[in-house]
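The next block holds one structure in the form of structure tokens; read it before the comments.
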Protein chains: 2
Amino acid sequence: MATAQPRTCSIARTLDVIGEKWALLALREVFLGNRRFDEMVRRTGAPRDTLTARLKTLTGAGILERRPYSEHPARFEYHLTPAGRDLYPVIATLMAWGDKYLAGEDGPPLVLDHTCGHRFVPQLTCQACGETVQYGQARVAAAASGWAR
Amino acid sequence: MATAQPRTCSIARTLDVIGEKWALLALREVFLGNRRFDEMVRRTGAPRDTLTARLKTLTGAGILERRPYSEHPARFEYHLTPAGRDLYPVIATLMAWGDKYLAGEDGPPLVLDHTCGHRFVPQLTCQACGETVQYGQARVAAAASGWAR
DNA sequence: GGGGTAAGTCCGGAATCTGGACCCACCATA
DNA sequence: TATGGTGGGTCCAGATTCCGGACTTACCCC
């Protein structure tokens with residue numbers, strides 16, 4: 001009898017790369033334009049050691065790119081690659097959830113405006129039909145073979 | 001001179017709740033309809049101990065609800081609360097990123113169909129104008145006071 | 001020379017995670 | 001009666017990871 005193997009779905013794979021502590025907060029800083037090591041340490045509060053390790057993982061995974069901006073005192077900035085930029089929806093939806101359920105009485109600590117002029121409230125939609133999608137409106141279609149692996 | 005404090009943004013707060021290892025994979029199983037402890041252990045591969053701890057955190061945070069489905073052998077199921085259901089966009093965008101960047105040659109291990117009949121490819125849009133949003137199209141609007149706290 | 005900045009590395013102790021064994025209550029079978 | 005299976009855990013010792021703080025190197029500015 002085959003006992004189900006743990007799935008290796010795309011969620012698990014993605015979390016292997018960005019699921020460690022501080023990885024997403026480091027990414028948040030890059031999204032906000034803070035690309036340098038010390039600045040990230042200050043803004044996130046991550047231990048320097050840990051941040052070093054995370055940045056290494058993220059560059060290794062092709063999410064960030066380590067670019068020198070000075071030689072001699074060799075200094076580096078971390079830039080988003082296209083793959084990194086594509087993580088924006090993850091960050092945005094995480095933030096939206098926190099805004100809704102964990103904001104204090106001051107309201108959300110960080111407010112974004114969309115280029116359309118309105119406050120940016122992220123929404124999930126279906127690329128095909130454009131409608132908003134909530135839990136229950138998408139169903140498992142097929143096990144491309146990897147369902148239980 | 002005030003050295004910047006680590007931000008406590010909504011992302012950090014959210015990660016405090018769902019950012020620990022296995023929390024999101026446990027949630028994935030609940031989203032897929034597997035609500036029972038042993039099933040989650042099998043499907044995720046998480047250590048039983050760790051899963052116990054995560055489920056406790058998630059119920060404590062109001063994301064899951066522990067409902068008895070049998071007395072006497074006391075047995076429980078974990079159900080999504082409305083707050084839990086609102087995490088669907090996070091799961092969906094994580095999965096979409098993994099599908100795009102980490103899928104093997106077999107393609108994505110898990111394929112979803114939207115009720116509109118098409119393959120479900122999650123997209124991030126602006127609630128106000130309905131347009132798709134990518135990195136760079138939303139800007140920091142104001143520091144509600146908590147910017148650097 | 002003195003102080004500051006940037007990007008790390010090194011360290012020992014603390015906290016977490018891990019796999020595996022164990023437990024208890026039930027049910028089914030024979 | 002024993003035997004085995006399921007479900008939802010707990011307990012434990014060892015491995016791994018995280019943590020804060022000190023230290024380093026190389027520059028710049030005054």
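By convention in this document, chain letters (A, B, ...) are assigned in the order of the sequence lines, proteins followed by strands, and residues within each chain are numbered from 1.
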Self-check item: Per-nucleotide protein contact string for nucleotides 15-20 of chain C, where B marks a base within reach and S marks sugar-phosphate only (heavy atoms under 4.0 Å, - for neither)
Solution: --SBB-
Quiz item: Do any side-chain nitrogens or oxygens of A:Y69 fall under 4.0 Å of OP1 or OP2 in C:dA7?
Solution: yes
In whole Å, I'd like the distance from the [atom1] atom of [X] to the [atom2] atom of [N].
X     : N     : atom1 : atom2 : answer
A:K56 : C:dA7 : NZ    : C1'   : 11 Å
A:F76 : C:dT9 : CZ    : P     : 11 Å
A:L51 : C:dG8 : CG    : P     : 9 Å

Quiz item: With A:D16, which residues qualify under side chain to side chain contact (heavy atoms under 4.5 Å, CB included), at least two apart?
Solution: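 Partners of A:D16 by the side chain to side chain contact (heavy atoms under 4.5 Å, CB included) criterion come out as none, since no residue qualifies.
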Quiz prompt | By side chain to side chain contact (heavy atoms under 4.5 Å, CB included) - contacts of A:S70 (at least two apart) | solution =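 In terms of side chain to side chain contact (heavy atoms under 4.5 Å, CB included), with neighbours along the sequence ignored, A:S70 is linked to A:P73, A:R75.
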Quiz prompt | Presence of donor-acceptor pair under 3.5 Å, side chain of A:R75 and base of C:dA6 | solution = yes
Quiz item: Is it true that the side chains of B:R66 and B:Y78 contain a donor and an acceptor less than 3.5 Å apart?
Solution: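 A donor-acceptor contact under 3.5 Å links the two side chains.
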Quiz item: Any luck finding a side-chain donor-acceptor pair between A:Y135 and B:R85 under 3.5 Å?
Solution: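 Judged by distance alone, the side chains do not pair up.
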In chain order, what residues pass the side-chain hydrogen bond (donor to acceptor under 3.5 Å, both in side chains) check against [X], with sequence neighbours excluded?
X      : answer
A:Q123 : none
A:E65  : A:R67
B:T59  : none

Interface polar pairs with nucleotides 27-29 of chain C, N/O, under 3.5 angstrom:
none

Exercise. Please collect all ring pair (Phe, Tyr, Trp, His ring centres under 6.0 Å) contacts where either partner lies in residues 40-70 of chain B, sequence neighbours excluded, each pair once.
Key: none
Exercise. Any ring pair (Phe, Tyr, Trp, His ring centres under 6.0 Å) involving residues 91-117 of chain A? Give me the pairs, sequence neighbours left out, ordered by first then second residue.
Key: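 Sorted pair list: A:W97-A:Y101.
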Practice problem: Using ring-ring contact (aromatic ring centres under 6.0 Å, His included) as the criterion, list what pairs up with B:F37, not counting sequence neighbours. | Solution: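 Scan of B:F37 (ring-ring contact (aromatic ring centres under 6.0 Å, His included), adjacent residues dropped) gives none.
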Residues 22-32 of chain B, side-chain donor-acceptor partners within the protein, below 3.5 Å, at least two apart:
| unit_1 | atom_1 | unit_2 | atom_2 | d |
| --- | --- | --- | --- | --- |
| B:R28 | NH2 | B:R43 | O | 3.3 |
| B:E29 | OE1 | A:R7 | NH2 | 2.5 |
| B:E29 | OE1 | B:N34 | ND2 | 2.8 |
| B:E29 | OE2 | A:R7 | NE | 2.5 |
| B:E29 | OE2 | A:R7 | NH2 | 3.2 |

Self-check item: Contact interval (first through last nucleotide) of DNA chain D with protein chain A, 4.0 Å heavy-atom
Solution: D:dC18 to D:dC27
